[in-house]
Amino acid sequence: MDTDSDQRADRGIDVSVVVPAYNRRASLDRCLTSLLVQRVAKEIIVVDGGSRDGTRALLRLYAAHHPRLITVIRDAQPGTPGGARNRGLERAAGRYVFFCDAGDHLAPDALARLVAAADVNGADVVVGKVSGARRGLRDSADRASLAAAYDDLSCFKLFRRDFLARHAIHFDETQRRGADMTFTVHAYCHARVISVVADGDCYHAEGGGEASARDPLGWLRVVRTPIEVMTRHVPPGALRDRLLLRHIRRDVLAQLGTPFLAACEAEREKIAVEVADICGQWVTPGVRAGLDGVDAARVAALDDPDRLVRLALVEAAPLRHRLNRVEWRDDRLVIEGWAALVGADGGSDGESDDAGASGAALTYAGANGAALTCAGPNSAGPNSAGLNSAGLNGAGPSGAALTGTVGLVVRERMSREEQVPFVTRGAAGSFTAVLDVAALSPGVWDVHVVVECEGARRLARLGSRRDPGAGVPSAHLVGGVVAVPFLTRSHGHLGLDVGGHVVRVPAVVRLSRAWWRGRRLRVEGQALMGEEDAAAAVRHLIWRERASGREHRERAVAVGPREFAAETAGLRPGTWDAYLELALGGPPVRFPVKVADADALGRPLRWWCGALRWGGAQWTVRPYATAVNRRLSVSVRVATPLTVVRRMVRLLRRH
């Protein structure tokens, strides 16, 4: 039975929200409340597929209290989610349609922001940020590319209703899973404009994704449909390869990870056959070039289920690591630590990120005798991972050793450039890495520990677990460029700032003396970076006027390893603070000039300007040290006969 169905018409509704609800009594109240508070002209269409848990009574109550907003469509028997959404789409009267699951809810201003973006940009589809989503769109865009939008294939978006009708886009009612992906792919391929609203969370999803570990074989059969829809609309080429790569990595090869391990041996063979069939049809040379190490290894091992299991084990095993020491050796940064892949086969995985306290081991024995073992620390002494000198150890199908390597990778945050330092590997997964800092371009480099085994490459930020007292050394000048090792504030991850981009450079500028050469103030001092001489990096002496923020800069020169000098003239009236600018490989940085000895300051200088003394002005320039921080400052004052009269008047008024 339909509630208020015969009288529905377009009454200037902006958004029709379609909510399938089958046995969702526990979460439906929160969902409907979040929809009712949306500040747009809206209607809420709830499709109940014969619920038996109190959902029907709750919907009857909501419809009675909000008859103009809520329409309930009741089906006698439960159908597919796609069928329920189609019922709601047929009844929708708004300019836009938004699909929401009964177990989820919206941010209070979500629909207003989505509708505003659609109206301004003329968008057919508007993607809102999903809270907690590890993948998806993170940056707002008025016109997002199809390749960028394709990362999010859920149907929880705003769609222009006449656009859906014009292209006959609807849900496949025969699909119990994956119908929302097929629907969104079809809409993306026809949309003229796709907008993204990611400046705040719009949709709060409580459930898991479609590609769950419960039925990987069923999911692989489902995912063929959206791939076929996409390939019918996108011609072969770089764009199609980019979209195919998303499906192959996230929907297809992902089933060879944890879902593959959870399956029985017969099921694994079926999964491998299904994946091989999809890859044989859709892994083009362009897609293959985009696969990373573990996915490329999986594609190469589709006829070897034992190796697929070993790859899945390596990928699923916890990566434990510890930083032991960081120090400078000349111009190279030496990093010592250990890393291991460990599991919980008969042992406790523990809460700490070291190797586990109970000798946990990750072990698999395949049908042909293949084995992979990553033993815990108790087999090789404390604080180790029970590994051979290469890191991982085991035996392959023919008895050959299966080995992995433990190493280090440093990655620049912006460019994603990677450098691999020279690594010496010791017993039990320990390593010593020697990083040639001179070979690094300026930027912020994050340090990752790496374990590679069977083609799988596992990375983790190093430093969150450290030996007691394992800190970072002080900054160091390497070829005139400052390198500052640091630990992040949030998690203590190790990084290296080359050039002083995000980390404060510990440089100090001290005044030796300030004296007058005619009417030019000569400033001489010392520049040090820690205990190292830094005069070679000086560029300018900058005077900043305290009230207006105006700046006056003079060239500074090095006159010794740590000594510099600069001369200044032409400061306008005001109070000027002195800073020394240094070029240390990154953006120029400035440091206040500190005054250690007040006797080093020159006397005030006075002179008259003007044709006649009585008709001119007296300039007074006085170097001094600030009371709090002992910084070098200069006070510039101009006095005229009129100024003297005004001062006398002010004094008389005060008294």
Side-chain angles (χ1 to χ4, degrees), residues 134 253-254 256-258 260-261 292-295 297-298 308-324 326 335-364 371-380 382-394 402-411 418 420-421 423 425-433 445-467 470 487-488 490-495:
R134 294 186 179 180
L253 296 179
L256 297 177
T258 302
F260 196 69
L261 292 177
D292 60 16
V294 63
D295 285 335
R298 282 173 171 156
L308 290 176
V309 171
R310 295 197 299 272
L311 286 167
L313 285 169
V314 171
E315 185 182 45
L319 174 54
R320 307 304 194 196
H321 50 83
R322 181 178 292 275
L323 177 65
N324 295 339
V326 185
I335 303 170
E336 296 180 1
W338 66 263
L341 293 174
V342 297
D345 185 27
S348 171
D349 197 16
E351 293 184 0
S352 65
D353 256 353
D354 51 35
S358 54
L362 175 68
T363 305
Y364 162 72
L372 173 65
T373 301
C374 304
N378 293 348
S379 61
N383 212 26
S384 70
L387 308 176
N388 65 2
S389 60
L392 299 175
N393 118 37
L402 175 66
T403 60
T405 57
V406 178
L408 225 61
V409 167
V410 292
R411 179 183 292 166
E418 289 188 358
V420 179
V423 175
R425 300 174 183 90
S430 63
F431 64 85
T432 300
W445 296 81
D446 295 316
V447 180
H448 297 76
V449 64
V450 181
V451 176
E452 295 187 13
C453 183
E454 282 287 313
R457 184 175 184 244
R458 296 288 306 280
L459 280 83
R461 292 288 300 277
L462 180 65
S464 58
R465 297 292 185 269
R466 303 184 293 275
D467 279 351
L487 298 171
T488 62
S490 55
H491 298 96
H493 295 148
L494 179 63

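Positions are given from 1 along the sequence. If you're wondering where the values come from, they're calculated on a predicted model, not measured in any experiment. Keep in mind that the numbers below use all heavy atoms, side chains included, and drop hydrogens, waters and symmetry copies.
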Do [X] and [Y] have side chains that approach each other closer than 4.5 Å (heavy atoms only, starting at C-beta)?
| X | Y | result |
| --- | --- | --- |
| Asp446 | Arg461 | yes |
| Leu494 | Leu487 | yes |
| Glu452 | Leu459 | no |
| Arg322 | Asp467 | yes |
| Arg425 | Ser430 | no |
| Val420 | Val410 | no |
| Trp338 | Val406 | no |
| Arg457 | Asp292 | no |

| said: With a 3.5 Å distance limit and no angle check, can you tell me whether Arg458 reaches the backbone of Ala317 through a side-chain donor-acceptor pair? | reply: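 A pair under 3.5 Å: yes.
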
Smallest separation among heavy atoms of [X] and [Y], with atom names:
| X | Y | value |
| --- | --- | --- |
| Leu319 | Ala339 | CD1-CB, 4.5 Å |
| Arg465 | His321 | CB-O, 3.5 Å |
| Gly257 | Ala312 | O-CB, 3.7 Å |

What's the separation between atom [atom1] in [X] and atom [atom2] in [Y], rounded to the nearest 0.5 Å?
| X | Y | atom1 | atom2 | value |
| --- | --- | --- | --- | --- |
| Phe431 | Asn324 | CZ | CG | 7.5 Å |
| His493 | Leu462 | NE2 | CG | 9.0 Å |
| Leu311 | Arg298 | CG | CZ | 6.5 Å |

| said: Which residue in the set Leu323, Val326, Leu408 passes side-chain contact (heavy atoms from CB on, under 4.5 Å) when paired with Val447? | reply: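 So the option named by the test is Leu408.
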
| query | Yes or no on side chain to side chain contact (heavy atoms under 4.5 Å, CB included) for Val309 and Leu261, after CA distance, side-chain angles and deciding distance? | reply | CA-CA 7 Å; Val309 171; Leu261 292 177; 3.9 Å; yes

| field | Cationic N near anionic O, under 4.0 Å, Arg310 to Glu315 | value |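 Salt bridge absent between Arg310 and Glu315.
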
